[in-house]
Each structure stands twice: as C-alpha cells, then as structure tokens.
Number of protein chains: 2
Amino acid sequence: MEKSESPRTVEAVETALGIIEYLQREEQAGVTELANELGRSKGTIHSHLATLVQSDYLTKKGSKYRLSLRYLELGETVKDRLGYYGVIADELDDLAKESGELAQFATEEHGMAVYLYKARGEKAVESASTIGKREYPHCISLGKAILAHLPRKRVGAIIDRNGLKAYTPQTITTREALFDELETIRERGYAIDNEEKIKGLKCIAAPVTSPNGDVLGAVSVSGPSSRMQGKRFEEELPQMVTRSANVIEINIQFS
Amino acid sequence: MEKSESPRTVEAVETALGIIEYLQREEQAGVTELANELGRSKGTIHSHLATLVQSDYLTKKGSKYRLSLRYLELGETVKDRLGYYGVIADELDDLAKESGELAQFATEEHGMAVYLYKARGEKAVESASTIGKREYPHCISLGKAILAHLPRKRVGAIIDRNGLKAYTPQTITTREALFDELETIRERGYAIDNEEKIKGLKCIAAPVTSPNGDVLGAVSVSGPSSRMQGKRFEEELPQMVTRSANVIEINIQFS
DNA sequence: GCAGTTTGTTCGGGAGAACCAAACAATTAT
DNA sequence: ATAATTGTTTGGTTCTCCCGAACAAACTGC
C-alpha cells in the first residue's frame, strides 16, 4: 500500500513558495511580516526575496513586496495548453444567456475541482469563485459530476487526501453516501448540488468526457433555490446543461 | 554609483524557478532532460520536482512534468489587483472595432513592456504577443510611449539593463537617439513605431497616466504599413489612440 | 521475448550554502 | 529629537542541498 517513505523535498524551495502563497493572499508584505509568518529569520527571508525579485517573480515597491506580472504570462500559457479553452468559453456564454443563471466549468487537478471559466446570465447570482479557484469536489455539483467518472480507487484516494468537510446540513460527509451518490449521478447523467455547500444555492452539473472515456471536466448552472425547483429544475435546466456538455465534447474533437 | 555588492540569493530557489521557466517554454519534460538543461544532477532535480508537485505547482503525468493550473489562479489574482483591467478591456474592444486594427495595452515592469490586453479589429494583423508577454520597450510604440513619461535616470537604468538590440534597420540603437525620440514623443503626445521591430508593421501609441502624473501604461494600434499612411496615419489614428488613452484615464479614476 | 539502453528513483556522504543571530542602517513613530 | 520598528548586511555553524553511484523500471531494437 504505502510507498516506503515520502520522497525528499527541498526546504528552501518550500519557503520561497510560502512567500508566493502569502503574497497571493495578502497583496503586499515586508520582510519582518513574512519572517514571522513563515517562521524564518529576517536575513533568510531577505535573500529569498532578493532571489525572487531578481528572477522577476516579485516586485519591490519601497520596502514592500508583491507578486509580479509574470504570473499573467504563466496563467496564459497554462490556459493555452488546455487546448479547449475557447470552446468552453463560447458554449458557457451561450448557456448563461439561455438559462439566465451562472454557468461554470471546472476540471480536476490534485483531487480538487478547479474553476476554469464562468459566465453570468441575466439573473445570475454572485459567486466567490473565480478562474483558477480550487474547491473540494465532494460538496459541489461540478466536483461530483467529475468524481462520478473517475476510477473508484482514484476517488478513494481523493477522499483520503481531502476528507469530507461539512458546510451545511446537506453536505455528504460519509464515504458510502458519496459512492452511492456517484452511482446515482452516473445513472441519471448529471449531478445536483442541493444546498450542500451554500445554503439557498442549488446547482446542476454534467460531465464532459473525451472520446476515450476519461473526464475532462464538467459544466454547471447555479441559482437560488427559489428559482431552482419544479419542472425547471428537474427537466429544463438538466437538459440545457447536458446539451452544453455534449456540444463541448463534440467541439473539442474538431478543434 | 554601484551598491557595494549584489545581495545574497538562494541557489536552490533559482533551480526550482529554472524548472518552472523551462516548463513554460517546453510544455512537458522529464528528470533527465531537466537535469541536462539546468546543469544539475538527476537526483537533485528529482527532489525539486517532488517539492513542486507536492506544493501543487507542477503535475506529474506518467514520468513527465508540466505546469499545474495553479498559475491560472495566480494570474487572476495579479489581474484583479491591477484594478483597472476591466476598464482597459472595454475601451480597447471599442478601439479595435473603430479602427479595425489590432489594439493593445501594455505597462512597464522591471524595465520591460508587459502586454496586458489585446483586442482584434476587423482587419487586425496577427501578432505573436499574448497577455503577459514581455518585450523590450525601446523598439515598440507602447514601450516608447511609456519610457517618455518615466524619470530620465530610470530610463537610463533600463537601457543599461536591457541594451538597445536592433531588430530592423529602423530600430533605435543609441542612447542619444532614444532620448531625442522620447522628447519628440512628449511634445507630439504619442509615439510611433515605424517598422522598428517588425518589417512592414507600424504602430501608434499614447500613454495613460494617473492623476498624480506617473504613467500606468500605454494604448496602441498596429497595422500593416500599406494601411498606415497619409492622413489616416498622421491624424485619424493618432486621434483615436489618444482619445482612448484619455477615456481610460478618466474611467480609472471612477472605478 | 530477451539483452541493451535509457530514464526514473533511492541513498550515503561531503562540501557548501541556507539559516540564524546579532549588529548596523534607514525609516517611521512618538 | 528620541525611541521604536523595519530593512540590510555579515560572520559562523549546522544542516541540507547536491553529487555520484547503484538500483529499479520502462522502453528499444533485434
């Protein structure tokens, strides 16, 4: 089961990445603040900062450090390499317009659901998620739609890694319940988030798979529970979402 | 003049960043390839890769490593912090439509011009530049428009850092010629790229400044020399570009 | 299917660098 | 002006980063 031991890592790199992560949360910081936060001496942090500035990963204004614009380039590179970014953008814009709600696309990486795009329809609810944001997959429709099409042992590993944190009374918090739910999703063809992450918010998500069967991501619409009920929630929206997922699948093949 | 000595840097971090940079160019690579490229042993690279994967900066598929989606999030964070991204996007879309050409916005960081947005008009030429791409400022209109509004000693430092590489016979390659050109730009109110970077391509760029006088970036239109001449090149387009720059300046204040 | 080659992984040991602590300089606050 | 805080520099020591080599795994060619 277990690998003999965890592989060696480079501590100096971990502190440098810690600086980047802190500056992602905090916008700007000085030497002392970072030293306290990361539990290193001021001198150490100082040379790390010098390294990151020299390599263009940070900028220094006065005595405060911030993330540089280099991450823009890296972000674009990653986006371009996905290959299907334009396809999902176009289709989600349509879906948002047609449904009037918030339409989103996410994929999976390292056991987390990663939002790649969002489009806002006429009445779309606000959402904290932005492009690149990562979320636990077990409590959102996008995540569950993806998990439903991953190998069972892969899902097990993800649960072990993440746990099953509860956000609302509806959140699925046991392994068995989640596997049952995934089974239901496979049969039904789409996933539902019934206020499992945020009270008052319901979502519907359908998976996008490649020709050879593995899942590339999922499409969803989200809206307030007041609008997400009856025939609209049980027929119309599911149909829109699954249709969008299919359109994306087809267009990816020819792009 | 010179600081006593260059500050200390952390070599381990430099190799880790070297890995990231290589994977930005190459899409994917294995241990041996990276070890050769960066002049380190396979064992060393291996533990660096383990560190970067563990912290979610790389993904491992089989025995190849790639950049992870984390850079999407970092890119979005940086974009949001600019504050005026939406403003330039809206205005450049208009400018591209009105002019029919390629409209771009760039700002300055570490002595380089960094493209932040581009919008393509009806007849827009193709361009290799993408969001986040960095370019030497001395040979493009956007760069010169920005340089014209930086402190003289800052410009001097940038020249020292970058040099003045020639791309075409028109490229400005001497310090004096560049300072003269910047003076002309300040008087005229906008900058011209007369095939100084790419043969057959001409551009016009106007600076965007903040109320307190420092330059935030510049707006440009680019087109083939055949279309960039006569009254259109000397009056109409300059007017459009400077007007766009002004609109952006105003909107930034109220956003 | 089997030897040969290449690539990834593990590990001991030594040299060097990352880290700390403390002193100094610069900036800000009182 | 003085005190307090923060940034910068520097020696010295410990620890870790790195190398090299051995091992394992994957791929190649025959």
Side-chain angles (χ1 to χ4, degrees), chain A residues 1-23 25-68 110 153 157, chain B residues 1-23 25-68 110 153 157:
Chain A
M1 292 283 114
E2 302 281 348
K3 288 274 177 58
S4 53
E5 287 173 51
S6 57
R8 284 187 195 175
T9 55
V10 185
E11 277 187 20
V13 173
E14 280 167 1
T15 50
L17 299 179
I19 291 174
I20 292 172
E21 267 152 55
Y22 186 79
L23 288 174
R25 289 198 303 277
E26 289 302 326
E27 177 135 29
Q28 61 167 15
V31 175
T32 314
E33 184 178 349
L34 284 162
N36 293 336
E37 181 70 21
L38 301 173
R40 300 258 109 117
S41 77
K42 289 196 294 175
T44 300
I45 295 297
H46 187 77
S47 26
H48 276 272
L49 289 170
T51 311
L52 289 165
V53 169
Q54 196 182 33
S55 306
D56 266 2
Y57 286 81
L58 300 181
T59 59
K60 184 178 180 177
K61 285 183 185 173
S63 64
K64 297 290 182 185
Y65 296 82
R66 319 172 160 239
L67 299 182
S68 79
H110 286 124
K153 64 172 214 175
Chain B
M1 290 287 113
E2 302 282 346
K3 289 273 175 60
S4 55
E5 287 173 51
S6 57
R8 284 188 197 176
T9 55
V10 185
E11 277 188 20
V13 173
E14 280 168 0
T15 49
L17 299 180
I19 292 174
I20 291 171
E21 267 153 53
Y22 186 78
L23 288 174
R25 289 199 304 277
E26 289 301 326
E27 175 133 31
Q28 61 168 12
V31 176
T32 313
E33 185 178 349
L34 284 161
N36 293 336
E37 182 69 22
L38 301 173
R40 300 259 110 115
S41 77
K42 289 195 293 176
T44 300
I45 295 297
H46 187 77
S47 26
H48 275 272
L49 289 170
T51 311
L52 289 166
V53 169
Q54 196 182 35
S55 307
D56 266 1
Y57 286 82
L58 300 182
T59 59
K60 183 178 181 178
K61 285 184 184 173
S63 64
K64 296 291 181 186
Y65 296 82
R66 323 173 158 238
L67 299 181
S68 80
H110 284 124
K153 63 171 215 174

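Keep in mind the model is a prediction, meaning the values are calculated, not measured. Proteins get letters first, then strands, A, B, ... in listed order; numbering begins at 1 in each.
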inquiry  = Pick the closest DNA chain D nucleotide for A:Y65 and for A:V13 by heavy atoms, then say which residue is nearer the 5' end.
reply    = A:Y65
remark   = The side-chain contact (heavy atoms from CB on, under 4.5 Å) partner of B:E37 among B:E26, B:R25, B:E21 is B:R25
key: Heavy-atom check, side chain of A:I20 versus side chain of B:Y57, under 4.5 Å   = yes
request  = Choose from D:dT8, C:dT7, C:dA17 the nucleotide whose nearest atom is closest to any side-chain atom of B:E11.
outcome  = C:dA17
inquiry  = Rounded to whole Å, please give me the gap between CG in A:L34 and P in D:dT8.
reply    = 12 Å
task = Consider the side chain of A:R40, meaning its heavy atoms from C-beta on, and name the nucleotide among C:dA18, C:dC20, D:dC19 that approaches it most closely.
result = C:dC20
query = Going by number, which of residues 45-55 of chain B have a non-hydrogen atom under 4.0 Å from DNA chain C?
reply = B:H46
task = Describe the nucleic acid contact of A:G30 in one word from base, sugar-phosphate, nothing, applying a heavy-atom distance below 4.0 Å.
result = sugar-phosphate
message = From NZ of B:K64 over to P of D:dC27, roughly how many Å is that when rounded to an integer?
response = 11 Å
pair A:L58-A:S68: side-chain heavy atoms closer than 4.5 Å = no
Phosphate-side-chain proximity, B:T32 and C:dG8, N/O vs OP1/OP2 below 4.0 Å = yes
request  = Tell me which nucleotide among D:dG11, C:dG8, D:dC18 gets nearest to the side chain of B:K42.
outcome  = C:dG8
note = B:P7 has its side chain closest, among D:dC18, D:dT9, C:dC20, to D:dT9
request  = Would you tell me if any nitrogen or oxygen in the side chain of B:S41 comes within less than 4.0 Å of OP1 or OP2 on D:dG20?
outcome  = no
task = Given side-chain contact (heavy atoms from CB on, under 4.5 Å), test A:V53 with A:Y65 step by step and report yes or no.
result = CA-CA 9 Å; A:V53 169; A:Y65 296 82; 3.8 Å; yes
task = May I have the distance from B:I19 (atom CD1) to D:dC17 (atom P), rounded to whole angstrom?
result = 13 Å
request  = Round to the nearest Å and state the distance from A:R8 atom CZ to D:dC15 atom P.
outcome  = 16 Å
task = Map A:E33 and A:V10 onto DNA chain D by nearest heavy atom, then report which one ends up closer to the 5' terminus.
result = A:E33
ask   = Within less than 4.0 Å of OP1 or OP2 of C:dT9, is there a side-chain N or O belonging to B:K60?
value = yes
key: Test item: A:Q28 and A:K61 side chains (from C-beta on) under 4.5 Å apart, heavy atoms   = no
remark   = Between B:N36 and the options B:L34, B:T32, B:L38, the side-chain contact (heavy atoms from CB on, under 4.5 Å) test singles out B:T32
query = Checking all strands, does A:G39 fall into the base, sugar-phosphate, or nothing category for heavy-atom contacts under 4.0 angstrom?
reply = sugar-phosphate
inquiry  = If only side-chain N and O atoms count, and only distance matters, is there a donor-acceptor pair under 3.5 Å linking A:H48 with A:T15?
reply    = yes
